[in-house]
Amino acid sequence: MRGSVGWLRGGSKMAPVTGDSRLEGAIAALIDGSLVDLATAPQDGEEATPVYPDSDAGRSILRHSTAHVMAQAVCDLWPGARLAIGPATDEGFYYDFDLPEGAHFTDDDLARIEARMREIISEDQPFVREEVSRESGPELFSNQPYKLEIIEELADGESLSVYRNDGVGSSFVDLCRGPHVRSTAALGHFKLLKVAGSYWRGDEHRQQLQRIYGTAFESDQALANHIEMLAQAEARDHRRLGTELDLFHFPSEIGGGLPVFHPKGALIRTILEDFSRSVHLGGGYQPVWTPHVTRAELYERSGHLGWYSDVMYPPLEMEGAEYRLKPMNCPMHILVYASRGRSYRDLPMRLFELGTVYRFERSGVLHGLARVRGLTQDDAHIFCTPEQLPGELEAVVAFALEVLRTFGLTDFEAELSTRPEKFIGEVADWDHATAALEAALIASGIPYRIAEGEGAFYAPKIDIHLKDAIGRRWQVSTVQVDFQLPTRFDLSYVGADNERHHPHMVHRALFGSVERFMAILIEHYAGALPVWLSPVQVMVLPVKDANQSYAGGVIEALQAVGVRTTTIPAGEPLGARIRKGKLEKIPYILVVGDDDMSQGTVGVNRSGHDKPERGVSLSALVEEVTTAVRNRCAPM
RNA sequence: GCCUGGGUAGCUCAGUGGUAGAGCAGCGCACUCGUAAUGCGCAGGCCGUGGGUUCAAUCCCCACCCCAGGCUCCA
């Protein structure tokens with residue numbers, strides 16, 4: 001808050017921004033916690049705080065106003081266009097349209113719309129707010145069916161507000177809560193980005209609309225920075241890097257969402273999986289192994305066929321029985337638990353599997369390795385007594401963070417989803433589990449928010465999100481308490497009291513899926529993975545043929561301690577060979593020439609460093625590489 | 001599934017109603033070099049699939065397949 005601006009008072013007209021120079025350039029005001037137009041007079045006794053365009057709230061207003069201008073431009077260019085909604089988003093804005101007579105936007109239309117928007121902006125059209133009665137609203141929007149629907153849903157007696165923009169040869173009015181900038185002249189640092197499809201109210205059974213995405217900022221520089229960030233994100237795209245680095249691809253012969261891993265990609269995933277196995281075995285988990293197909297009855301009993309069947313592959317008929325591909329590991333782990341009677345002395349029982357599951361995701365949502373139809377979860381199910389639950393949850397959250405931090409990921413946020421309106425089980429169990437989850441989060445020390453009522457009907461849960469190197473959020477780990485499956489499968493253990501009890505059950509995955517986690521790592525590191533994960537760790541380049549056998553000795557020394565190497569003989573210029581290594585994002589590129597032969601040294605070019613280092617002794621280099629591998633870091 | 005864009009050489013892409021081009025990668029020859037592209041040459045394509053229009057289709061039309069972006073962060 002930047003201090004009072006009571007001076008913004010002054011009737012319903014726009015208050016002149018004079019006097020205090022700090023306050024020039026405000027585009028809206030905050031009164032009593034709500035954002036209002038500069039033109040809105042505060043009531044007596046209210047304090048107004050200015051909102052500047054370079055704040056989150058300010059940008060959101062700029063974007064919302066720009067969305068209005070875009071809608072105005074579209075209405076000018078396509079008379080009869082029907083408007084749906086046009087909000088600001090975290091990164092920009094969009095507006096959904098229903099064009100008349102089957103007209104459609106194409107990418108080429110964006111330039112036309114932008115041009116018209118710039119005309120509107122240069123006309124300095126004021127955004128004029130009007131309060132409209134509930135009765136006269138429908139008249140005003142008689143040819144805007146979506147606006148009418150919105151009006152109808154408003155509570156009786158609630159007043160409507162509209163914003164008008166009048167300019168040369170066109171005028172525009174939109175149902176809108178506001179606030180807006182005072183005039184279109186306050187806008188201009190925007191760009192329309194893409195045309196997309198959408199549905200009215202996001203419901204695929206309702207009218208298909210067309211959405212135009214754009215973004216707007218407070219300055220051309222800020223806009224340029226954002227566009228640069230988008231370019232960065234594109235350069236890091238794991239699908240692109242997957243091809244460039246020869247890691248994996250999606251053969252259409254196999255089908256959408258089903259990757260094949262090439263040798264280098266498979267090596268990365270093998271390292272991830274070996275690491276995962278090893279930390280789980282060291283962390284009190286027991287490995288299990290379960291098949292990829294099962295009789296459908298198993299998923300009848302688990303309930304998955306009831307609420308999850310739309311993402312399950314259709315049945316396979318075998319010898320008169322119906323089989324299904326496994327979409328989740330939990331029922332199988334339950335069968336392991338239930339294979340014999342259990343005592344409280346067996347608990348907690350933590351069953352771990354790198355379990356491959358198949359989910360029939362809709363074609364439109366597939367996205368490289370991040371969203372596939374066949375994936376391997378680092379999945380575990382913990383069966384424990386109610387008393388053990390808090391300790392188990394705290395340990396799981398700590399374990400998850402420890403594992404994620406091993407990969408150089410440091411920025412986490414969690415979400416605790418609590419009991420929804422429709423739920424099964426006892427309120428007391430929910431409260432117990434939710435409190436235990438929250439205690440685990442507090443103990444972990446990471447920031448979290450509570451998503452009230454967003455838990456699944458059978459369980460509260462924690463989702464852990466991480467922020468990658470360019471600030472994007474990815475959901476990875478999930479920890480879920482389950483009140484349903486132990487009951488459905490009638491799981492039990494005999495307590496110290498010699499009575500039967502249902503165990504508590506916790507589902508948890510740390511990477512989420514190996515495939516998706518690999519995608520996240522590739523994007524986070526822009527392909528330049530830490531040394532221990534790099535498929536090739538060291539490239540050794542002889543300066544000329546005469547240095548070849550010395551290079552061979554260097555390679556042998558590295559391979560002897562388990563370092564993965566490659567080389568290119570001196571058939572092409574050194575610079576070209578170095579470039580190839582750099583493009584492959586190899587952490588260490590060694591150059592060995594006559595000087596090195598005589599002194600037992602190597603020249604070291606480390607990824608992430610500008611200048612190569614000459615004359616490093618071979619033993620020091622071997623030590624450096626093995627240390628980097630052991631510390632699971634990048635070249636130092 | 002639906003809307004938009006796209007499918008041309010291994011990769012990135014250009015192109016035209018008269019059966020196709022570049023750069024990189026590959027292969028060959030020469031160059032033997034100290035930290036991000038040596039030169040020359042060769043080879044490489046059912047222009048996504050099927051149908052239609054046409055004397056003639058990679059190009060125009062229809063259908064299908066595949067890929068990408070998006071599909072309520074509320075008026």
Inset, instruction - I would like to know whether A:E523 and A:W474 meet side-chain hydrogen bond (donor to acceptor under 3.5 Å, both in side chains); could you show each step before the answer? - result: CA-CA 11 Å; A:E523 303 216 355; A:W474 300 80; 5.5 Å; no
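- As rounded to the nearest Å, B:G10 and B:G45 have C1' atoms that lie 12 Å from one another.
- Across all strands, A:Y94 comes closer than 4.0 Å only to sugar-phosphate atoms, never to a base (heavy-atom distances).
- In this structure, A:H249 does not reach the B:G10 phosphate: none of its side-chain N or O atoms is under 4.0 Å from OP1 or OP2.
- Counting non-hydrogen atoms under 4.0 angstrom, A:D595 reaches a base of the nucleic acid.
- Side-chain nitrogen and oxygen atoms of A:R211 include none within less than 4.0 Å of the OP1 or OP2 phosphate oxygen of B:G70.
- A distance of about 13 Å separates the C1' atoms of B:U58 and B:G21, rounded to the whole Å.
- Residue contacts for A:K582: at a heavy-atom cut-off of 4.0 Å it reaches a base atom on one of the strands shown.
- Comparing the C1' positions of B:C29 and B:A22 gives an interatomic distance of 24 Å, to the nearest angstrom.
- If you check every strand for non-hydrogen atoms under 4.0 Å, A:D203 touches nothing.
- Here, B:A56 and B:C71 have their P atoms 46 Å apart, quoted to the whole Å.
- Base pairing analysis places B:G10 opposite B:C24; the two distances defining the Watson-Crick or G-U wobble pair are each below 3.5 Å.
- Across the strands present, B:A75 finds no partner; the criterion is a Watson-Crick or G-U wobble pair with both atom distances under 3.5 angstrom.
- Within 6.0 Å of CD in A:E234 there are 12 or fewer heavy atoms belonging to other residues, nucleotides or ligands.
- Contact annotation for A:I85: backbone-only contact, meaning every heavy-atom pair under 4.0 Å involves sugar-phosphate atoms and none involves a base.
- A donor-acceptor pair shorter than 3.5 Å cannot be found between the side chains of A:Q475 and A:E415.
- Residues A:P573 and A:V602 both approach RNA chain B. Their nearest nucleotides, taken by heavy-atom distance, put A:V602 toward the 5′ side.
- Among the protein residues, A:G603 comes within range of the nucleic acid bases, having at least one heavy atom under 4.0 Å from a base atom.
- Nearer to the 5' terminus of RNA chain B, by closest-nucleotide assignment, is the contact made by A:K580 (compared with the other of A:N605 and A:K580).
- Pairing for B:C46 is absent, judged as Watson-Crick or G-U wobble with the two contacts each under 3.5 Å.
- Base pairing annotation: B:U4 forms a Watson-Crick or G-U wobble pair with B:A68, both donor-acceptor distances under 3.5 Å.
- B:A14 and B:U72 are spaced 41 Å apart, taking the C1' atom of each and rounding to whole Å.
- Ionic pairing of A:K611 and A:E613 is not present here: no N-O contact between side-chain nitrogen and carboxylate oxygen is shorter than 4.0 angstrom.
- One finds no salt bridge joining A:R362 and A:D310 here, because no Lys/Arg side-chain nitrogen approaches an Asp/Glu carboxylate oxygen to under 4.0 Å.
- Between A:L83 atom CG and B:C74 atom P there is a gap of 18 Å when expressed in whole angstrom units.
- Within 4.0 Å of A:G571, counting heavy atoms only, lies at least one base atom of the nucleic acid.
- Note on A:R577 versus A:E572: no salt bridge recorded, every NZ/NE/NH1/NH2 to OD/OE distance being 4.0 Å or above.
- B:G17 makes up no base pair with any nucleotide shown, lacking Watson-Crick or G-U wobble contacts both under 3.5 Å.
- Across all strands shown, A:A570 has heavy atoms under 4.0 Å from base atoms, whether or not it also approaches the sugar-phosphate.
- A donor N or O paired with an acceptor N or O is not found under 3.5 Å between the base of B:G70 and the side-chain atoms of A:Y199.
- Put simply, A:R239 has a side-chain N or O that comes within less than 4.0 Å of OP1 or OP2 on B:G69.
- At the phosphate of B:C3, neither OP1 nor OP2 sits under 4.0 Å from any side-chain N or O atom of A:H104.
- Using a 4.0 Å cut-off between a side-chain N of Lys or Arg and a carboxylate O of Asp or Glu, A:R373 and A:E361 do not qualify as a salt bridge.
- Heavy atoms of other residues, nucleotides or ligands lying less than 6.0 angstrom from NZ of A:K582 number more than 12.
- Distance, A:E131 CD to B:A75 C1': 13 Å, rounded to whole Å.
- Pairing of B:U38, defined by two Watson-Crick or G-U wobble distances under 3.5 Å, is identified with B:A30.
- Within 4.0 Å of A:E149, counting heavy atoms only, lies no atom of the nucleic acid at all.
- Residue contacts shown for A:Y213 are limited to sugar-phosphate atoms, with no base heavy atom under 4.0 Å away.
- The phosphate of B:C33 (OP1 or OP2) has a side-chain N or O of A:K544 nearer than 4.0 angstrom.
- For the P atom pair drawn from B:C27 and B:G34, the interatomic distance equals 24 Å after rounding to whole Å.
- Among the protein residues, A:D594 comes within range of the nucleic acid bases, having at least one heavy atom under 4.0 Å from a base atom.
- Across the strands present, B:C59 finds no partner; the criterion is a Watson-Crick or G-U wobble pair with both atom distances under 3.5 angstrom.
- Ring-plane geometry between A:Y163 and A:F127 is classed as perpendicular, the angle between the planes exceeding 60 degrees on a 0 to 90 degree scale with a lower cut at 30.
- For the P atom pair drawn from B:A57 and B:G48, the interatomic distance equals 15 Å after rounding to whole Å.
- The phosphate of B:G69 has OP1 or OP2 within less than 4.0 Å of a side-chain N or O from A:H367.
- Comparing the P positions of B:G17 and B:C60 gives an interatomic distance of 9 Å, to the nearest angstrom.
- Put simply, NE2 on A:H238 is 13 Å from C1' on B:A68, counting in whole angstrom units.
- Across the protein-nucleic acid pair, A:F250 atom CZ and B:C67 atom P stand 10 Å apart, rounded to whole Å.
- A:L574 comes within 4.0 angstrom of the backbone, heavy atoms only, and of no base.
- For A:D107 against B:U4, a side-chain-to-base donor-acceptor contact under 3.5 Å is absent.
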